[in-house]
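This report concerns only the one structure given below.
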Amino acid sequence: MKILLAADGSPYTQAAARYLREHIREVPAPREVHVLHVQPPLPYAGPAKAALGTDTVERLRREEAEVALAVAKRELQDVEAEVVFSHTGGPIGERIAEYIATHRIDLVMIGSHGFGPVASLTLGSVAQECIRRLPVPILVIPRSTAGRSKEALARAGMAR
């Protein structure tokens, strides 16, 4: 099974990566985890590149991506799966959809704030876009979920 973990480097990414690590044995083999960080387009890319230089802007974007991916890398060390880390730039939902198609991803995992029932009526904009746009199941992991039982995986069809 191929799983894509959408990573932004936040505590919510950490919780989703931890949840995946804790439950990876429930995922049918062969297991492949793709961790993807998508940087939104720079609003002032032209002026920034003119002021700082293209190489500097690209280096800063690469460093930002490495920091965002590091959160998941720490959680997924020694996980029982092949793990691939990637980053790209552009419209987030669009790039995730392209990655899914290219790599034949079966499931997307995304971290969420994990608010209570009233506040959780509205997910973050990236989670909402993924739910609307993506052609595969999406497992939204609230920050408070890491360490819970197999129930969420079973509901997502991941448990054996």
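Only this structure's heavy atoms are used, side chains among them; waters, hydrogens and symmetry mates stay out. Because the structure is a prediction, the values reported are computed rather than measured. For this chain, numbers begin at 1 and follow the sequence in order.
No single ILVMFWY cluster, assembled from side-chain heavy atoms under 4.5 Å apart, contains both Val67 and Leu36.
Listed here is the closest heavy atom pair of Ala7 and Ala68: CB-O, 4.4 Å. The shortest heavy-atom contact between Ser10 and Val71 is O-CG1, 3.9 Å. Across all non-hydrogen atoms, the minimal contact from Ile141 to Ala15 is CG2-O, 4.2 Å. For the residue pair Val38 and Gly90, the shortest heavy atom distance occurs at CG1-O, 3.7 Å. For the pair Pro40 and Arg61, the tightest heavy-atom approach, listed with the atom from each and the gap, is O-NH2, 2.9 Å. In terms of heavy-atom proximity, Ala72 sits nearest to Ala17 at CA-CB, 4.1 Å.
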Test Val79 against Leu20 for side-chain contact (heavy atoms from CB on, under 4.5 Å), laying out the working first.
-> CA-CA 9 Å; Val79 73; Leu20 180 57; 5.8 Å; no

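Rounding to the nearest 0.5 Å places CG of Asp8 at 10.0 Å from CD of Glu64. Between the CD1 atom in Ile96 and the CD1 atom in Ile138 there is a gap of 8.5 Å [rounded to 0.5 Å]. Here the straight-line distance linking atom CG of Leu69 with atom CZ of Arg74 works out to 11.0 Å at 0.5 Å rounding. Here the CZ atom belonging to Arg21 is positioned 9.5 Å from the CD atom belonging to Gln77, to the nearest 0.5 angstrom. The OH atom of Tyr99 sits 5.0 Å away from the NE2 atom of His34 when rounded to the nearest 0.5 Å. Atoms NE2 and OG1, from His37 and Thr13 in turn, are 9.0 Å apart once rounded to the nearest 0.5 Å.
Remark: the backbone N or O of Glu75 is not paired with any side-chain donor or acceptor of Arg18 at under 3.5 angstrom. Of the possible donor and acceptor atoms, one in the side chain of Arg31 sits under 3.5 Å from a partner among the backbone N and O of Ile24.
Ionic pairing of Arg62 and Glu58 is not present here: no N-O contact between side-chain nitrogen and carboxylate oxygen is shorter than 4.0 angstrom.
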